[in-house]
Visitor: 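My questions all concern the structure below.
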Amino acid sequence: GLGLSYKKDENFGEWYSEVVVSGEMIEYYDISGCYILRPWAMSIWEILQTFFDAEIKKMKIKNSYFPLFVSPAVLQKEKDHVEGFAPEVAWVTKSGESDLEVPIAIRPTSETVMYPYFSKWIRGHRDLPLRLNQWCNVVRWEFSNPTPFIRSREFLWQEGHTAFATKEEADEEVLDILELYRRIYEEFLAVPVSKGKKSELEKFAGGLYTTTVEAFIPNTGRGIQGATSHCLGQNFAKMFEINFENEKGEKAMVWQNSWAYTTRTIGVMIMTHGDDKGLVLPPKVATTQVVVIPVPYKDANTQGIYDACAATVKSLNESGIRAEADFRDNYSPGWKYSHWEMKGVPLRIEIGPKDLANNQVRAVRRDNGAKTDIPVANLVEQVKGVLDSIQQNLFETAKQKREACIQVVKTWDEFTEALNQKKLILAPWCDEEDVEKDVKTRTKGEMGAAKTLCSPFDQPELPEGTLCFASGKPAKKWTYWGRSY
Ligand SMILES: O=C1CCCN[C@@H]1CCCn1cnc2cc(F)c(F)cc2c1=O
Ligand SMILES: [Mg+2]
């Protein structure tokens, strides 16, 4: 088919909307903010799910499934965390022709669904830790501009909900899960992220503290929350009376966490690696890692070429590489090259008469276009090597791009200048909430206000006497600021 009509560096928004469709990941749907996830996207979700599910099972976390529907009384139980979100809650009000007695909410998240049962199931310290996860969809009827994968009214996620006897256990799990989220981004999606803590203003209001992995999109100069791991403290335990009899026979409230990553991960990967020829998939998450294309020439041993393609696919698949051949005879090799480049397949193998005669294949990398001739004899390990090198190159390139966007600022003028230059800003901050609110007010505009993204765990040196860029008060910590999704 034809190439993209928008260029990534010229019309990022249009480029993104087009590439997710041309790459056959998304089909637009007749209800705004809802998207069809086609197999090319779903298989990426499944690869991430397979990794994460195995990892949480090693941590003795068990999968469960709770109902989609939430009764209003229960949803509104946790006042301060829901009131801000009320406009996003979708409600079922009818069945058939008749109105429901009481409208029923569709889960936007499952704290209020689960925690009445946590209260029922947790009696003594032997019932702890209780650690559940569910893979499901959630609905949030947002009105800000919907974007496939990044912001949709329904999305897939996993949500973990755990309860412990002590804060120490909860604190430890928060970071264990955050490390898994870092691995999802950096080891699978080849997307660099910063681990850090959300400010009091940006954290989950119902919790004690929120940790996050923050990504950054250079093209728009916007930060994006990649995944989140909250310590809820005992707030929900108090509300839902989740108590237990500790070893001293005293009644104590549990300490809880909740954590999630979503299909947003796929959008961040596309935005990071995609180019003007289409998607670019990191091999670790590529549905098809190698596509093998026959290049017959007149009648020169066409069957031999086809057999060589089939044999190549077979030996790659037998070694655990996801390979497939494109034997369709109604498309030219050239058409197939563009098609599989659009779909972001990391490595293409071409086999023509010359390759056949020399007992080799021609490998072409999607990330940098490099072509190498590989002798059939050591096909598998050379292909494995190239795929690893593509994975590494995508990550390093993204890391360098992101680092080039980071601007350290010390004053307000430097801050606003960096913001206008679409930078990811690292600034010393007094850690006072009204200063953070003031920055939001002062930077309001049609591009959206600047906000804190996170305070990185990996804090640079903060010299004595360093002042907050916004208030001039003594700075307490380095914090990432920027516009965000
Ligand atoms: O972010 C997570 C991890 C997984 C479990 N939930 C937490 C906090 C979710 C925060 N949140 C986020 N969005 C919401 C939208 C709503 F419409 C609503 F009623 C409630 C919420 C809401 O509580
Ligand atoms: Mg939201």
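We count ligands from 1, going down the list as the structure has it; atoms in each ligand are counted the same way. No experiment lies behind these values; they were computed from the predicted model shown.
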Visitor: Kindly state whether the ring of F52 and the ring of Y261 have centres lying under 6.0 angstrom apart.
Guide: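 Yes - the distance between ring centres of F52 and Y261 falls below the 6.0 Å cut-off.
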
Visitor: Please determine if T109 has a nitrogen or oxygen closer than 3.5 Å to a nitrogen or oxygen of ligand 1.
Guide: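 T109 vs ligand 1: N/O contact under 3.5 Å present.
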
Visitor: Closer than 4.0 Å to some heavy atom of H161 - which atoms of ligand 1 meet that?
Guide: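 Here the atoms of ligand 1 in question are 5 (C).
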
Visitor: Is the Lys NZ or Arg CZ of K451 less than 6.0 Å from the centre of W481's six-membered ring, within 45° of the axis?
Guide: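 Judged by the rule (NZ or CZ under 6.0 Å from the ring centre, within 45° of its axis), K451 is not positioned above W481.
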
Visitor: Using the rule salt bridge (Lys or Arg N to Asp or Glu O under 4.0 Å), only one of K440, K197, K437 pairs with E202; which is it?
Guide: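 Going through K440, K197, K437 one by one, the salt bridge (Lys or Arg N to Asp or Glu O under 4.0 Å) with E202 is satisfied by K440 alone.
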
Visitor: Out of all atoms in ligand 1, which are within 4.0 Å of some heavy atom of A260? Include the element for each.
Guide: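 Matching atoms, with element in brackets: 3 (C), 4 (C).
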
Visitor: For H230, take its heavy atoms, then give the atoms of ligand 1 lying under 4.0 Å from any of them.
Guide: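 Matching atoms, with element in brackets: 1 (O), 2 (C), 3 (C), 7 (C), 8 (C).
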
Visitor: Counting heavy atoms only, which part of F204 comes closer than 4.0 Å to ligand 1: side chain, backbone, both or neither?
Guide: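 Answer for F204: side chain.
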
Visitor: In this structure, is the centre-to-centre distance between the rings of Y65 and W135 below 6.0 Å?
Guide: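 Aromatic pair excluded; centres sit 6.0 Å or further apart.
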
Visitor: Quick check on contacts: which atoms of ligand 1 are under 4.0 angstrom from a heavy atom of T228?
Guide: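 Answer, ordered by atom number: 1 (O).
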
Visitor: May I ask you to check if K251 and F244 form a cation-pi contact, with NZ or CZ under 6.0 angstrom from the six-membered ring centre and within 45° of the axis?
Guide: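 Because its charged atom misses either the 6.0 Å distance or the 45° angle limit, K251 does not stack over F244.
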
Visitor: Which of the listed options, W157, F85, Y261, W141, holds the heavy atom that is closest to atom 20 (C) of ligand 1?
Guide: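 Nearest heavy atom to atom 20 (C) of ligand 1 lies in F85.
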
Visitor: I need the atoms of ligand 1 closer than 4.0 Å to a non-hydrogen atom of E111, numbered in the order shown.
Guide: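 Near E111, the atoms of ligand 1 are 5 (C), 6 (N), 7 (C), 8 (C).
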
Visitor: Within ligand 1, which atoms have a heavy atom of W259 less than 4.0 Å away?
Guide: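 Heavy-atom distances to W259 below 4.0 Å select 3 (C), 4 (C).
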
Visitor: Looking only at side-chain N and O atoms, does N137 offer a donor or acceptor that is under 3.5 Å from a partner on R107?
Guide: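 The criterion, which ignores hydrogens and geometry beyond distance, is satisfied for N137 and R107.
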
Visitor: Assess R442 against W412: is NZ or CZ under 6.0 Å from the centre of the six-membered ring, and within 45 degrees of the ring's axis?
Guide: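 Because its charged atom sits under 6.0 Å from the ring centre and within 45° of the axis, R442 does stack over W412.
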
